[in-house]
Amino acid sequence: MKDNINNASRALVAGGAGFLGSHLCQRLLLQGAEVVCVDNFHTGRSENLAELTAHPNLTILRQDIALPLPDDIQVDHIYNLACPASPVHYQADPVATLRTCVEGATQLLELAARTGARILQASTSEVYGDPLEHPQREAYWGHVNAVGPRSCYDEGKRCAETLFTEYGHRRGVTVKIARIFNTYGPRMAADDGRVVSNFIVQALTGRPLTIYGDGSQTRSFCYVDDLVDGLVRLMESPADLSQPVNLGNPCEITVLRMAELVCKLTETQVPMQLCDLPEDDPMQRCPDITLARDRLNWQPSTLLHTGLLRTIEYFRRHPSDVVRDAAAVVSH
Ligand code: NAD
Ligand code: UDP
């Protein structure tokens, strides 16, 4: 097993053409790593990698991670971010989502076992379901519906955590599990139905902001650069840190407050439209990040206000995305 992690120079990023994955590829290339981005472009976009495609250290492999990977891949670090992440995308084909979570994770774990690479799983706060404990600590087992509309994602990610843990115990693979809470920033897809992208696109196109339920449900939003920093720190942490680690911003706000903030920061005055709350939509979510603070010396540093302004600026600079996708903005 390779322990000299600071010299690790070859990374595979599964899902590297997606929102988080493209930022991670960028960060690793900046650090001087060689990066292999493996993506089937299901929800990822080549535009996300536009600034990077000419980089001599980046290789892009169009491939479904649930299928066998080429034998000759030699990397030190494997980041598994490949999975549709927003409800509208992961619910479009629930069986495919499960296959990606379970068979995809298995393929990458086998690669790690073969090559001695460390491997990090992008898990999710969804493993806590609609939590009965608040804020959520890693020791909380969660409150998840096994047969609801979110189950393909929640249970797929829970199963992937089990697979990672067992490959760690039985095959000696160095595994890392990041439980990522809601993350936002430039390169979010305008049409993926997430609250931040929906509200910004709606505000910029003068449409009503769609509030699901009464807007009193909470989330805690982490800016993408902070999150990527947490992922890299977790990957580079001592080998014995194999248990799940929450990565997210502990500043919790209601959906209604987020809507007001987006209106203020975009300087728009659009009405709010109350819509039905989707089934099994968690009522509150906020990470306890004590473990990440203690073991990774990590905590988010970007203020919500600052991160939202950067995200709004991104959408303003991509007006064709906004106009094209405005029609597709999901009101579930
Ligand atoms: P995204 O949809 O933008 O990126 C996912 C990427 O994975 C896309 O490029 C997609 O094409 C690719 N992909 C999907 N299925 C694949 C497959 N079978 N084979 C190869 N590539 C495949 O989503 P994101 O927001 O960047 O999320 C990245 C990861 O982080 C996901 O695993 C997600 O579950 C996790 N996560 C994200 C958040 C968040 O707030 N964004 C929160 C918790 C967890
Ligand atoms: N939401 C909303 N309006 C929207 C999109 C989402 O009120 O246009 C709500 C959604 O019901 C949820 C919260 O915002 O309570 C976060 O939704 P998102 O899909 O961004 O993330 P997740 O539910 O996966 O945490």
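In listed order, ligands and their atoms are each counted from 1. Heavy atoms only: backbone and side chains are in, while hydrogens, waters and symmetry mates are out. The model shown is predicted, which means the values in this text are computed figures rather than measured ones.
- Of the N and O atoms on the side chains of R179 and Y128, at least one donor lies less than 3.5 Å from an acceptor on the other residue.
- For the pair N80 and ligand 1, the shortest N or O to N or O distance does not fall below 3.5 Å.
- Only the side chain of V255 comes within 4.0 Å of ligand 2, counting heavy atoms alone; its backbone N, CA, C and O stay farther away.
- Evaluated by nearest non-hydrogen atom to atom 2 (O) of ligand 1, the leading choice among N40, T43, D64 is T43.
- Remark: side-chain polar atoms of N246 are not paired, donor with acceptor, to backbone N or O of P287 under 3.5 angstrom.
- A salt bridge links R317 with E313: at least one charged nitrogen is closer than 4.0 Å to a carboxylate oxygen.
- At a 4.0 Å heavy-atom cut-off, ligand 2 does not touch Q202 at all.
- Nearest protein heavy-atom contact of atom 43 (C) of ligand 1 is I180 O, 3.1 Å.
- At least one heavy atom of S123 sits closer than 4.0 Å to an atom of ligand 1.
- Using modelled atom types, one finds no donor on one side chain facing an acceptor on the other under 3.5 Å when comparing S220 with E252.
- The closest approach between any non-hydrogen atom of M258 and ligand 2 is not below 4.0 Å.
- Under the 6.0 Å distance and 45° angle rule, R194 does not count as a cation-pi partner of Y184.
- Residue contacts with ligand 2 for M188 are absent, since no atom lies close enough (heavy atoms, distance under 4.0 Å).
- Neither the backbone nor the side chain of H89 comes within contact range of ligand 1; no heavy atom lies under 4.0 Å.
- Taking the charged nitrogens against the carboxylate oxygens, R219 and D281 do have a contact shorter than 4.0 Å, which makes a salt bridge.
- A salt bridge between D229 and R27 is present, with a side-chain N of the basic residue lying under 4.0 Å from a carboxylate O of the acidic one.
- No part of S125 comes within 4.0 Å of ligand 1, judged by heavy-atom distances.
- For the pairing with V127, the side-chain contact (heavy atoms from CB on, under 4.5 Å) check across Q136, E155, E138, K157 returns one residue only, K157.
- Q31 CD: more than 12 foreign heavy atoms inside a 6.0 Å radius.
- Close contacts of ligand 1 with H42, meaning ligand atoms under 4.0 Å from a residue heavy atom, involve 11 (O).
- Among all protein heavy atoms, the one lying closest to atom 34 (O) of ligand 1 is Y153 OH, 2.5 Å.
- Nearest-heavy-atom check against atom 4 (C) of ligand 2 across T183, T210, I211 picks out T210.
- Ligand-side atoms of ligand 2 in range of G193: 5 (C), range being under 4.0 angstrom from any heavy atom.
- Checking only distances, L81 does come within under 3.5 Å of ligand 1, N or O to N or O.
- Distances from ligand 1 to the non-hydrogen atoms of Y184 include no value under 4.0 Å.
- Ligand 1 has no atom lying under 4.0 Å from any heavy atom of A66.
- Counting non-hydrogen atoms of other residues, nucleotides and ligands closer than 6.0 Å to CZ of R170 gives a total of 12 or fewer.
- For the residue pair T302/D226, the side-chain donor-acceptor check at 3.5 Å is satisfied.
- The proximity of P87 to ligand 2, defined as any non-hydrogen pair under 4.0 Å, is limited to the side chain.
- Looking only at atom types and distance, the side chain of E34 has no donor-acceptor partner in the side chain of N57 under 3.5 Å away.
- For N182 and R285, the side-chain atoms include at least one donor-acceptor pair closer than 3.5 Å.
- Of the protein's non-hydrogen atoms, C83 N, 3.5 Å is the one closest to atom 14 (C) of ligand 1.
- Among protein heavy atoms, atom 11 (O) of ligand 1 sits closest to D39 OD1, 2.7 Å.
- The residue among V201, D281, T124, N182 with a heavy atom at the shortest distance from atom 12 (C) of ligand 2 is D281.
- Comparing Q63, R45, R99 by heavy-atom distance to atom 20 (C) of ligand 1, the nearest is Q63.
- Per-residue contacts place N198 under 4.0 angstrom from the following atoms of ligand 2 (heavy atoms of the residue considered): 4 (C), 5 (C), 8 (O).
- Under the side-chain hydrogen bond (donor to acceptor under 3.5 Å, both in side chains) rule, S237 has a single partner from R295, R118, K176, which is K176.
- At a heavy-atom distance under 4.0 Å, no atom of E126 approaches ligand 1.
- At least one heavy atom of R194 sits less than 4.0 Å from an atom of ligand 1.
- Looking at F19 next to ligand 1, an N or O pair under 3.5 Å apart turns up.
- Remark: ligand 2 atoms within the under-4.0 Å shell around heavy atoms of Q217 are 9 (C), 11 (O), 15 (O).
- Residue contacts with ligand 1: T100 is placed with a nitrogen or oxygen under 3.5 Å of a nitrogen or oxygen of the ligand (distance criterion only).
- Checked for salt-bridge contact, R158 and D154 miss the test: no charged N lies under 4.0 Å from a carboxylate O.
- Looking only at distances, a side-chain donor or acceptor of Q91 sits under 3.5 Å from a matching main-chain atom of P149.
- Between R150 and D280, none of the side-chain N atoms (NZ, or NE/NH1/NH2) sits under 4.0 Å from a carboxylate O, so this pair counts as no salt bridge.
- Distances from atom 22 (P) of ligand 2 to the heavy atoms of R150, M283, R194, M272 put R150 nearest.
- Set against the non-hydrogen atoms of F41, the atoms of ligand 1 under 4.0 Å away are 11 (O).
- Where the criterion is an N or O separation shorter than 3.5 Å, residue side chain and backbone included, T124 fails it with respect to ligand 1.
- For the pair H23 (side chain) and G18 (backbone), a donor-acceptor distance under 3.5 Å is absent.
- Of the protein's non-hydrogen atoms, the one nearest atom 27 (O) of ligand 1 is A85 CB, 3.6 Å.
- Atoms of ligand 1 lying under 4.0 Å from any heavy atom of G15, numbered from 1 in the order shown and given with element: 6 (C), 7 (O), 9 (O), 12 (C).
- When only modelled atom types and interatomic distance are considered, E161 and S123 share a side-chain donor-acceptor pair under 3.5 Å.
- For the pair V224 and P186, the minimum side-chain heavy-atom distance is below 4.5 Å.
- With 3.5 Å as the limit, one finds no donor-acceptor pair spanning the side chains of Q74 and R114.
- For ligand 1, the atoms closer than 4.0 angstrom to any heavy atom of N182 are 40 (O).
- Counting heavy atoms closer than 4.0 Å to ligand 2, residue L209 contributes nothing at all.
- Distance from atom 40 (O) of ligand 1 to its nearest protein heavy atom, with residue and atom name: T183 N, 2.9 Å.
- Here's the thing with G44: one of its N/O atoms is less than 3.5 angstrom from an N/O atom of ligand 1.
- Both the backbone and the side chain of L20 come within contact range of ligand 1, each with a heavy atom under 4.0 Å.
- For atom 19 (N) of ligand 1, the closest non-hydrogen atom on the protein side is I65 N, 2.9 Å.
- Of all protein heavy atoms, the one lying nearest to atom 32 (O) of ligand 1 is K157 NZ, 2.8 Å.
- Using a cutoff of 4.0 Å between basic side-chain nitrogens and carboxylate oxygens, E236 and R233 are not scored as salt-bridged.
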